[in-house]
Amino acid sequence: MLAEAPGGLFHGIDLALDGDQGIAVWSDRSGAWVVPVAAGGAPRGRRVRVGPPCDGGLATARADGGFVVACLERAMDEAGKSGHVTVLRLDASLRPAGSLSFGPAGRYSRGVALAMEGEGDVPVVAWHDGTPGAHRVWLVHAAPGAEPRLVSREGLAAGAPSVALRDGQPIVAWAETWFDDDGYLVGQVLVSDLRGAPRELAVIIHDDPRPVLARDGRGPLVAYRDERPAGTRARLFVQRITDDLVGTGEPLAVGRANGTGRPHVVACEEAVTTVAPRSFGRWDVLIGLNRLGPDLGRIGIERQIYEYGVDFSLAAASCAGEHLLVLAAERGHSTRPLARLRSTTVDCR
């Protein structure tokens, strides 16, 4: 076990590995925390509080000589507090080595994504800005004096973004939703390289698709949640996209992904593994792992991280050679007031 959350609530978790070691990060009501971990998941030192709670989520990545953490703090209008994203640099000893903050981030903001541009030198951060009547996606190259750029389209409700690099340049994926003339929720998954209009990749009927960008040896991929066909539980769909950001082939329905936490897609050992929280039975939530080959064909059956009576609402994963290191965070309830953050390894072969 890596941590326990007071009040039974984690705002977000993430993981970054550098060779055989890395860090696990999480946010709960007591603040944002970091602990050094080995590739096998065991802590290598004491945990360190690095800031206030990231109630809108957080993300981490490796950087030159250390790590970067992006923390999304929501606005508290009643307290006169504005919301913002803080980009915090940590050195190899997890000591703060500088920070920058950017806004806006309204009271309903949820979801922040991070990639490192230029050999791990400049953090590229995309985040969700949730304000009553306006849900948007912003992106910034987190350098002194930088100004955030609005990525999503005006007049539509945007959701949490994902960001990745293509030939050293950022690409961003997100979803926009609206109600059609018959009152049904519909939307689109979009991707943009910040040059011209965004590309429309998929039509969806889910209120929280949480698209995720990834890359393996054959190029970029996108994964997203959708409830198609209508009336089904949300499943995770994976599709390859070209360097021109056009979807190729039919999206593959991988498995159920109707948990609250966002999915992950990890390239490891010449395969791609999807990691997604999903319901099991009436109350429990497990983490399902599905391995896909280069042609996105399924390899074996779904593996699961499960414990009776537990809601594993959040997951994070990273490749560690021949295995995946997976973080699993619980959601507490009346009989389990402390939620736990745990690590486990999954064989990639």
Side-chain angles (χ1 to χ4, degrees), residues 11-16 23-27 32 54-63 67-74 83-89 100-106 108-118 120 122-130 135-143 146 148-152 158-166 168-176 189-194 198 201 208-215 220-225 236 241 245 260-267 274-276 314-318 327:
H11 302 125
I13 64 173
D14 205 5
L15 173 67
I23 61 171
V25 300
W26 69 92
S27 171
C54 310
D55 53 357
L58 80 174
T60 190
R62 294 173 294 175
F67 299 90
V68 172
V69 178
C71 172
L72 177 57
E73 296 179 62
R74 295 170 173 166
H84 56 269
V85 170
T86 298
V87 183
L88 174 66
R89 285 189 178 269
L100 295 168
S101 293
F102 305 92
Y108 301 121
S109 302
R110 55 188 180 91
V112 59
L114 171 65
M116 300 302 297
E117 186 178 78
V122 179
V124 181
V125 183
W127 72 94
H128 176 250
D129 167 25
H135 287 246
R136 301 169 292 187
V137 170
W138 297 85
L139 180 137
V140 69
H141 291 71
R149 171 177 178 171
L150 180 63
V151 175
S152 57
S162 176
V163 63
L165 296 181
R166 183 196 62 181
Q169 299 299 314
I171 56 175
V172 190
W174 72 98
E176 294 173 353
V189 174
L190 302 112
V191 63
S192 172
D193 60 4
L194 310 180
L201 287 181
D208 190 19
R210 287 291 182 109
V212 177
L213 290 166
R215 175 179 286 275
L221 308 102
V222 65
Y224 57 89
R225 301 190 298 202
L236 186 67
I241 56 177
L245 308 184
T260 57
R262 79 174 183 91
H264 293 259
V265 179
V266 183
T274 64
V275 182
L314 297 173
S318 185
L327 302 185

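These numbers come from a predicted model, not from an experiment.
- For the pair T274 (side chain) and V265 (backbone), a donor-acceptor distance under 3.5 Å is absent.
- The heavy-atom pair separating E73 from D55 by the smallest distance is CA-OD1, 3.4 Å.
- Remark: A143 engages no residue in a side chain to side chain contact (heavy atoms under 4.5 Å, CB included) (not counting sequence neighbours).
- In this structure, the side chains of P170 and L165 come closer than 4.5 Å at one or more pairs of heavy atoms.
- Considering all non-hydrogen atoms of both residues, G111 and P161 come closest at O-CD, 3.9 Å.
- At least one side-chain heavy atom of V125 sits under 4.5 Å from a side-chain heavy atom of V112.
- By the 4.5 Å heavy-atom criterion applied to side chains, I23 and T60 are counted as neighbours.
- Looking at residues two or more places apart in sequence or on another chain, you find a side chain to side chain contact (heavy atoms under 4.5 Å, CB included) between L190 and R153, W174, E176, Q188, P198, E200.
- Taking H135 as the reference, H128 meet the ring-ring contact (aromatic ring centres under 6.0 Å, His included) condition, with sequence neighbours excluded.
- Remark: the backbone N or O of D208 is paired with a side-chain donor or acceptor of R225 at under 3.5 angstrom.
- Of the residues listed (I13, L327, V69), the one engaging V25 in a side chain to side chain contact (heavy atoms under 4.5 Å, CB included) is V69, and it is the only one.
- The two residues W127 and P148 make their nearest non-hydrogen contact at CH2-CB, 3.8 Å.
- For R262, the salt bridge (Lys or Arg N to Asp or Glu O under 4.0 Å) test picks out no residue, with sequence neighbours left out.
- In this structure, the separation between CG on L245 and CG on L201 is 7.5 Å, given to the nearest 0.5 Å.
- Applying the side-chain hydrogen bond (donor to acceptor under 3.5 Å, both in side chains) criterion to D129, with sequence neighbours excluded, gives T131, R136, W138.
- Minimum interatomic distance between V122 and A142 (heavy atoms only, all atoms of both residues): CG1-N, 4.2 Å.
- I241 CD1 to L221 CG: the interatomic distance, rounded to the nearest 0.5 Å, is 7.5 Å.
- With rounding to the nearest 0.5 Å, the separation of CZ in R210 from OG1 in T260 is 8.5 Å.
- In terms of heavy atoms, G159 sits closest to V137 at O-CG2, 3.2 Å.
- Side-chain contact between H84 and P104 is absent, with no heavy-atom pair separated by less than 4.5 Å.
- The shortest side-chain heavy-atom distance between I171 and R215 does not fall under the 4.5 Å cut-off.
- Residue C54 holds its SG atom at 11.0 Å from CG of D14, rounded to the nearest 0.5 Å.
- Evaluation of the side chain to side chain contact (heavy atoms under 4.5 Å, CB included) rule for A267 yields D216 as partners, not counting sequence neighbours.
- Without hydrogens or angle criteria, S109 side chain to G56 main chain gives no donor-acceptor distance under 3.5 Å.
- The side-chain hydrogen bond (donor to acceptor under 3.5 Å, both in side chains) test applied to R74 returns no partner, not counting sequence neighbours.
- Shown here are the ring-ring contact (aromatic ring centres under 6.0 Å, His included) partners of H11, two or more places apart in sequence or in another chain: there are none.
- Judged as a side-chain hydrogen bond (donor to acceptor under 3.5 Å, both in side chains), and not counting sequence neighbours, the contacts of R166 are D193.
- A315 is linked by a side chain to side chain contact (heavy atoms under 4.5 Å, CB included) to V275, P277, I287, counting only residues two or more places apart in sequence or in another chain.
- Of all non-hydrogen atoms in L213 and A164, the two that sit nearest each other are CB-CB, 3.9 Å.
- Listed by chain and number, the residues in a ring-ring contact (aromatic ring centres under 6.0 Å, His included) with F67 amount to none (sequence neighbours excluded).
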